[in-house]
Amino acid sequence: MIRMTVAGIGGFLLVFLESYIVMLLKGYYTIEFGGMAPFVSVWAMNFFFLFAIFTHIQLWYKERVATREETLN
């Protein structure tokens with residue numbers, strides 16, 4: 001649940017960060033997303049990207065803790 005919440009908020013923030021980077025690189029003053037559907041598509045792509053990263057981190061952490069417990073015993 002926490003991964004989904006953080007990925008949702010982070011995906012939303014990434015949309016604006018990506019837009020800001022594009023504006024700086026191309027010299028634009030504004031960006032037109034073309035409506036709500038393209039904006040939601042970019043947000044969804046960022047959401048799943050972050051969710052996959054957080055899932056991998058969680059699995060890595062659980063594996064690390066299990067390995068430490070085995071070496072201590």
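Everything numeric in this text was worked out from a predicted model, so none of it was measured. Heads up: numbering here begins at 1 and tracks the sequence.
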As an exercise, state the distance from CZ of Phe48 to CD1 of Ile53, rounded to the nearest 0.5 Å. 14.0 Å
Take a 6.0 Å sphere around CZ of Phe39 and say whether it holds more than 12 heavy atoms from other residues, nucleotides or ligands. yes
Transitively linked via ILVMFWY side-chain contacts under 4.5 Å: Phe49 with Leu17? yes
Enclosure of Phe16 CZ (heavy-atom neighbours >12, cutoff 6.0 Å): yes
Rounded to the nearest 0.5 Å, the CG atom of Asn46 sits from the OG atom of Ser41 at a distance of 11.0 Å
Is Tyr28 reachable from Ile21 through a run of hydrophobic residues whose side-chain heavy atoms are each under 4.5 Å from the next? no
Kindly compute the distance separating OG1 (Thr55) from CZ (Arg3), expressed to the nearest 0.5 Å. 4.0 Å
Between Glu18 and Val22, is any pair of side-chain heavy atoms under 4.5 Å apart? no
Going hydrophobic residue to hydrophobic residue with side-chain gaps under 4.5 angstrom, can you get from Ile9 over to Val40? no
Donor-acceptor contact present, side-chain Trp43 to main-chain Leu14, <3.5 Å: no
Taking Val65 as the starting point, is it possible to reach Trp60 by hopping between hydrophobic residues whose side chains are less than 4.5 Å apart? yes
With a 4.5 Å heavy-atom cut-off, do Leu50 and Val6 have their side chains touching? no
More than 12 heavy atoms of other groups within 6.0 Å of Ile2 CD1: no
Could you check whether atom CZ of Phe33 has more than 12 heavy atoms from other residues, nucleotides or ligands sitting under 6.0 Å from it? yes
Work out which heavy atom in Phe47 is nearest to a heavy atom in Met4; give both atom names and the distance. CE1-O, 3.5 Å
